[in-house]
Amino acid sequence: MEAIINIENVHKHFGRIHALRGVSLDVSRGEVVVIIGPSGSGKSTLLRCINRLEEYDAGRIVVDGIPLDTTQNINAVRREIGIVFQSFNLFAHLTVMQNLTLAQRVVRKRPKGESQKIALDLLTKVGIPDKAGAYPIQLSGGQQQRVAIARALAMNPKIMLFDEPTSALDPEMIKEVLDVMLDLAKEGMTMVVVSHEMGFARAAANRMILMDEGQIVEEATPEKFFASSHERIRSFLGKVLHM
Amino acid sequence: MDKRFEPGPGDSKLFYLPGSKLLAHIDPWWGLVALAVGLTVILVTVKADPFLNILLFVRDGVAVTALITVTSFGLVLIVGLIGGLGRLSRNPFFHLIATLYVEIVRGIPLLVQLIWWYFAFPVVIQGVGRWLNVSALANYQANAIFTAIVGLTVCYGAYMSEIYRAGIQSIPKGQAEAARSLGMTPFQSMRHVILPQAVRMVLPPVGNEFIALLKDSCLVSVVAVADLTRRGREFMAVHFNPIEVWTMVALLYLVMTLFSARGVAWLEKKTRFER
């Protein structure tokens, strides 16, 4: 299958810390890749390199045919990539509706009416059309994260990145966010998800990736991954599944 | 207890005593405004000579003080924004210029700066005019109000730069990341996401700057501007009644600063949002 994200031998340093040590990864159109690994293993850094929120020091990343290291207009690439953050990062001074329409209007140049219609459709899709007039602070964590997903989708991205989307949520709110993500996966969205939600991985992932110390150490389909007798996988799964 | 008399989230709890009904109703700052205005009115009506005469004599000074303060402050908001963005700029040239500006201006007393702008600046312009052979510049004469506004703006712009810088830096990094990842340019992110939040954050210190500027504007009285302070001095030079004159001048400044403070508080309440 055609690769929409092509990562080749990427290195990244934070001062003296070598955060990514030669990571290579291809993601096909419509594929759902779930990345797991211990804290500090470089999974979030890798994800943030894909839309260049982090600059990488060496290697090559090509997204949808556009190499990130040579492109002058990173914004053209970024509007094709939606990202959902652990801490939601909704615009605190804007209502939910304004959060969803701002980038549509200033980046996509959509007229007000059209952007509002798209926003309302997406809010309906994530199950909170009644919150259009609310401010982020008035929403629960789960609702905020669903708004954040809708905000990213409003730009019609070709790829969605999720950086630990449920890690900041109370347990009872995790499911409502995962359900939205499952729907997206079923619709054929290309997704790269950093998450330790193994239920989601089992249900939606085409591929599981285990990272450690800045490198990809294992890569397998969920069936093989969960059944693996590999020492590192067993040890890590033991921790996240509390076995 | 009656719900009406319990302090709300925005109310001052300073004067709130359990069981007290009347005091809890009064905002202490409005009380102070009433006191200052009331005292002024009483003095002017009960003892018209000299208080009414002083008031009538200095009223154009009040207008000049208000004009200089409001004009300078409007410019300070613009200069401060540019300076603040310069201080945060990754471009070493803009950063250096903004940093030099802030550090130099902050190290020189405002009075000295005002004197420099009034006495030295025109001579510099005249010299440049003679050198370039431009008669309009060579014959340049300082306009006292103009140089006073320039001096106050340059000085307060430096302090305002630091306030803006701190305000912009106080906005969590994730806000800009979210904006940029939606494809916004750095300018769009600043304009639509960071600044609107930063401005609300810095409103209290900006309000303080306005009141400080209003008070510091009295320094322009030494560089030929007929502001409230200078008009007071002129009245005293003729009638020699320092207690009455300076009490009246002090009261007028107090009334202006108190009203400004209430204005700032109102603006803060209007634009408040929770994070």
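Sparse packing is recorded around CD1 of A/Ile17, with 12 or fewer heavy atoms of other residues, nucleotides or ligands lying under 6.0 Å away. Open room surrounds CZ on B/Arg191; 12 or fewer heavy atoms of other groups in view lie less than 6.0 Å from it.
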request  = Run the numbers on A/Val63 and A/Lys158 for side chain to side chain contact (heavy atoms under 4.5 Å, CB included), then give the verdict.
outcome  = CA-CA 10 Å; A/Val63 174; A/Lys158 293 175 181 157; over 6 Å; no
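When heavy atoms are compared at a cutoff of 4.5 Å, A/Phe85 approaches chain B solely by way of its side chain, counted from C-beta outward. For A/Arg151, the parts lying under 4.5 angstrom from a heavy atom of chain B are both the backbone and the side chain. If you measure heavy-atom distances from A/Ile81 to chain B, the contacts under 4.5 Å come from the backbone alone. The parts of B/Glu177 that come within reach of chain A are both its backbone and its side chain, each placing non-hydrogen atoms under 4.5 angstrom from that chain.
Ion pairing between a basic and an acidic side chain is recognised when a charged N comes within 4.0 Å of a carboxylate O; A/Lys117 and A/Asp121 show such pairing.
Between B/Val193 and B/Ile171 there is no side-chain heavy-atom pair separated by less than 4.5 Å.
When each of A/Glu80, A/Arg79, A/Arg108 is scored by its heavy-atom pairs under 4.5 Å with chain B, the top score falls to A/Arg79.
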